Amino acid sequence: MSTLIDVRDLKKSYLLGDIVVNALQGVTLAIERGTFVAVMGESGSGKSTLLNLLGCLDRPTSGRYLLDGIPVETMDRDQLAEIRNQKIGFIFQNFNLLPRMDALEDVELPLLYKDSETPNGDELGQRALADVGLAGRELNFPAQRSGGQQQRVAIARALINKPEILLADEPTGALDSHNGAEIMNIFQRLNDSQGITIVMVTHSDEIAAYAGRIIGFRDGLIVSDKKVTKPAIPPAEAVAVHIAAGVSP
Ligand code: ADP
Ligand code: MG
């Protein structure tokens with residue numbers, strides 16, 4: 001395995017009025033390609049800040065970040081946007097779907113930000129929806145879906161540009177445990193069969209147990225880092241989210 005995410009002494013401070021908040025105080029972390037990592041820690045410990053930096057949404061105050069060997073910590077906004085489009089998919093707690101868009105339109109949205117037109121956009125969109133068990137649901141709107149279905153549409157949207165990395169900030173935080181397990185089933189399949197590297201922030205021990213490695217955060221620092229020898233297996237009823245074409249079980 002090779003290192004995909006290589007972070008060295010990463011620091012991030014925010015200025016709040018005249019108060020400096022040291023959100024990350026020197027994080028050093030290597031994540032191998034194809035791993036599924038959970039990040040845990042109290043609220044305010046810097047988890048989202050780390051995810052934003054890993055996702056090239058923001059730049060560190062100091063320290064290094066090599067993404068697939070490329071130093072990204074000094075890139076400008078346009079370069080960061082380019083890297084994000086090519087390599088990274090984001091998933092958030094509250095789905096961030098657009099109320100007036102049907103599932104297929106929403107999933108295809110990232111294609112609009114590309115330099116060149118994607119001629120087979122609908123095909124890619126349908127494939128991504130099938131990957132999350134939503135084949136045939138292309139035309140429904142957010143209000144017609146359960147929270148679990150909304151999060152699956154959001155995952156499909158994150159997958160449309162075939163990212164190497166999925167970054168998920170409390171993706172099951174707004175879901176009940178059954179829907180949470182369904183999302184973990186999808187994450188494990190994307191990780192196992194497509195080799196997508198996943199970094200997921202969660203508050204839940206139960207959800208973190210689905211990952212292969214659990215990193216603990218406190219006051220902007222890593223305080224624990226454990227390999228999970230036997231990641232949890234979702235209960236049978238959560239696996240019934242028929243992952244259709246494209247992803248082998
Ligand atoms: P977590 O995701 O673990 O709850 P965050 O990374 O969101 O933690 O926040 C870490 C610290 O940085 C907190 O004290 C938070 O208030 C502060 N913080 C986060 N984002 C900003 C921002 N944009 N401006 C100012 N302070 C921020
Ligand atoms: Mg957070």
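First listed ligand is number 1; within each ligand, the first listed atom is number 1. Model, not experiment: these values are computed from the prediction.
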Partner of Arg189 under side-chain hydrogen bond (donor to acceptor under 3.5 Å, both in side chains), chosen from Asn185, Asn191, Asp192: Asn185

Applying the side-chain hydrogen bond (donor to acceptor under 3.5 Å, both in side chains) test to Arg33, which of Thr3, Asp68, Thr197 qualifies?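 When side-chain hydrogen bond (donor to acceptor under 3.5 Å, both in side chains) is applied between Arg33 and each of Thr3, Asp68, Thr197, only Asp68 qualifies.
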
Treat each ILVMFWY residue as a node, draw an edge where side-chain heavy atoms are under 4.5 Å apart, and state whether Met40 and Met184 are in one component. no

I'd like to check the side chain to side chain contact (heavy atoms under 4.5 Å, CB included) partners of Ser48; sequence neighbours left out, ordered by chain and number. Asp169

Around ligand 1, what residues show up once you keep those with a heavy atom under 4.0 Å from it?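 Near ligand 1, by chain and number: Tyr14, Leu16, Val21, Ala23, Glu42, Ser43, Gly44, Ser45, Gly46, Lys47, Ser48, Thr49.
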
By residue and atom, what protein N/O/S atoms are less than 2.8 Å from the Mg ion (ligand 2)?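 Listed by chain and number, the nearby protein N, O or S atoms are Ser48 OG.
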
Filter on salt bridge (charged side-chain N to carboxylate O under 4.0 Å, His left out), then keep only pairs touching residues 55-66, sequence neighbours left out; what's left?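 For residues 55-66, and leaving out neighbouring residues, the salt bridge (charged side-chain N to carboxylate O under 4.0 Å, His left out) pairs sorted by first residue read Lys12-Asp58, Arg64-Glu73.
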
Tell me if a side-chain donor or acceptor on Arg145 pairs with a main-chain N or O of Asn140 at a distance below 3.5 Å. yes

Can a donor-acceptor pair be found, under 3.5 Å and without considering hydrogens, that links the side chain of Lys47 to the backbone of Val39? no

Would you please test Glu182 and Arg152 for side-chain contact (heavy atoms from CB on, under 4.5 Å) and show each step? CA-CA 9 Å; Glu182 279 187 0; Arg152 285 194 269 147; 3.7 Å; yes

With the side chain counted from C-beta on, respond yes when Tyr65 and Val27 share a heavy-atom pair under 4.5 Å apart, and no when they do not.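 No, too far: nothing below the 4.5 Å cut-off.
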
